[in-house]
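Presented below is the structure to which this report refers.
Counting convention: from 1, in listed order, for ligands and their atoms alike. Because the structure is a prediction, the values reported are computed rather than measured.
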Amino acid sequence: MAASCASTLPSLSFVSSSSSNSPRRFRRSGVVAMASVGQKVYAPGVAVSEGNGGLPKIDLKSPQGSKAEIYLFGACVTSFKVPNGKDLLFVRPDAVFNGQKPISGGIPHCFPQFGPGPMQQHGFARNVNWSITDSEVTEGDPAVTLELKDDSYSRSMWDFSFQALYKVCLHSTSLSTTLKITNTDDKPFSFNSALHTYFCASIAGVSVKGLKGCKTFNKDPDPKNPLEGKEEREEVTFPGFVDCIYLGAPSELILDNGLGDNIAISNSNWSDAVLWNPHMQMEACYKDFVCVENAKIETVQLEPKQSWVAEQKIELL
Ligand SMILES: O=P(O)(O)OC[C@H]1O[C@H](O)[C@H](O)[C@@H](O)[C@@H]1O
């Protein structure tokens with residue numbers, strides 16, 4: 001399938017990963033250019049530099065001046081700046097960049113478990129290094145694809161062979177991310193997943209529209225025994241602690257971040273959503289962010305060779 005950095009919502013397109021032995025490649029306006037692995041040449045607008053704690057990060061820059069940063073550790077997008085310099089994403093002040101703990105902020109992955117469950121909270125994908133398999137540019141918009149495969153660490157928790165490909169495309173006022181999970185094992189497996197996106201916000205002014213009518217599982221007061229209910233509000237606000245799962249969420253939510261911005265959070269195949277704000281549990285920073293998470297809480301089962309693909313797009317309106 002032809003690779004494209006153009007927004008693919010609602011129909012998905014996805015670039016296949018190159019095999020680990022093939023040269024790194026990048027495309028400019030549909031033309032594939034080749035560069036050898038050793039040279040570490042990336043598509044225009046894609047660069048790799050040393051980030052916090054010396055961890056490698058990818059910098060994406062669009063011709064219109066938008067920018068994004070993605071750490072290989074956890075394939076975590078930690079920054080998405082629109083051309084006026086405003087970062088729509090939030091990294092918690094207690095985030096550590098030591099390659100040991102997941103990065104608390106930006107867009108961490110929850111895979112293969114959202115949790116709570118038998119594995120560590122939110123699974124292992126946010127807690128390991130991913131690798132770059134591809135970079136490309138389409139009409140000036142840069143994109144990079146990261147890959148995660150099973151290893152002895154993942155198998156110690158989840159004994160399956162899998163491939164996760166995560167493509168991040170930067171546009172002038174939007175960022176799209178496509179996750180593709182493939183069963184490379186000879187037996188079926190099941191998982192759930194989420195993109196645990198932290199948005200910059202002024203919590204007193206935050207609202208999320210689009211969830212009315214969804215079935216809810218409210219983790220407040222007891223995360224281990226969520227209360228089943230139904231969302232009756234047109235706009236969900238955050239006057240206190242919020243930790244709630246929404247099943248059958250729509251393909252677009254509108255976030256008013258309380259800072260003067262409306263953000264469309266659209267998706268394809270992320271069928272559920274989670275809202276989270278820790279309130280006084282994180283007194284130092286709860287006023288400055290809200291998590292609006294595209295999620296797949298209901299279990300995905302994949303037979304050998306089958307794939308599951310889901311896309312998220314965050315767009316400043
Ligand atoms: O602190 P973390 O492991 O990143 O998790 C932070 C939060 O993530 C999700 O939103 C869950 O619904 C919460 O129950 C959890 O507390």
Side-chain angles (χ1 to χ4, degrees), residues 52 55 70-71 73-79 89-128 157-158 177 179 191-201 203 206 208 210-211 214-229 231 236-249 253 255 257 265 267 270-299 310 312 314:
N52 290 332
L55 298 181
I70 308 135
Y71 278 77
F73 185 71
C76 187
V77 180
T78 52
S79 171
L89 301 179
F90 181 78
V91 175
R92 279 174 20 203
D94 59 323
V96 288
F97 292 82
N98 62 4
Q100 303 293 321
K101 276 191 69 180
I103 297 169
S104 298
I107 314 181
H109 286 268
C110 304
F111 174 82
Q113 169 193 283
F114 180 71
M119 236 171 274
Q120 57 185 274
Q121 165 85 335
H122 296 333
F124 52 76
R126 64 177 180 163
N127 206 18
V128 288
M157 285 168 273
W158 197 60
T177 57
L179 179 66
F191 65 89
N192 48 39
S193 185
L195 295 178
H196 195 303
T197 309
Y198 286 73
F199 290 93
C200 277
I203 199 70
V206 170
V208 177
L211 291 165
C214 290
K215 184 172 178 177
T216 55
F217 283 96
N218 198 339
K219 291 192 181 178
D220 181 28
D222 181 2
K224 292 204 172 100
N225 291 297
L227 288 174
E228 200 177 321
E231 183 56 74
V236 180
T237 53
F238 295 78
F241 178 82
V242 173
D243 190 358
C244 191
I245 289 170
Y246 290 82
L247 296 188
L253 299 176
L255 166 67
N257 66 8
I265 305 165
N267 83 86
W270 287 112
S271 57
D272 311 313
V274 180
L275 299 184
W276 180 62
N277 181 272
H279 201 59
M280 293 304 277
Q281 289 178 8
M282 291 185 189
E283 199 177 346
C285 64
Y286 81 90
K287 289 179 184 154
D288 303 326
F289 78 91
V290 64
C291 284
V292 182
E293 308 167 34
N294 272 315
K296 189 79 183 174
I297 302 296
E298 289 187 312
T299 301
Q312 164 171 284
I314 296 168

- Task: Describe, in one word, how the ring planes of W158 and F124 are oriented to each other, choosing from parallel (under 30°), tilted (30 to 60°) and perpendicular (over 60°).
- Result: tilted
If you scan protein heavy atoms around atom 1 (O) of ligand 1, the nearest is R92 NH1, 4.1 Å
The complete set of salt bridge (charged side-chain N to carboxylate O under 4.0 Å, His left out) pairs with one or both residues in residues 90-102, sequence neighbours excluded, reads R92-D94
Within 4.0 Å of some non-hydrogen atom of E293, the atoms of ligand 1 are 9 (C), 10 (O)
In this structure, atom 11 (C) of ligand 1 is nearest to the protein heavy atom D243 OD1, 3.7 Å
Nearest non-hydrogen protein atom to atom 5 (O) of ligand 1, with distance, is H122 NE2, 3.2 Å
A student comparing Q121, H196, R126 should find that the heavy atom closest to atom 4 (O) of ligand 1 comes from R126
Does M119 reach the side chain of P112, with side-chain heavy atoms less than 4.5 Å apart? yes
At under 4.0 Å between heavy atoms, what of F217 touches ligand 1? The answer is neither
Between T197 and L89, is any pair of side-chain heavy atoms under 4.5 Å apart?
yes
Partner of I107 under side-chain contact (heavy atoms from CB on, under 4.5 Å), picked from N294, I70, L195, is L195
TODO: Please work out whether the ring planes of Y198 and F289 are parallel, tilted or perpendicular, with thresholds of 30° and 60°.
DONE: tilted
For atom 16 (O) of ligand 1, the closest protein heavy atom turns out to be W276 NE1, 3.7 Å
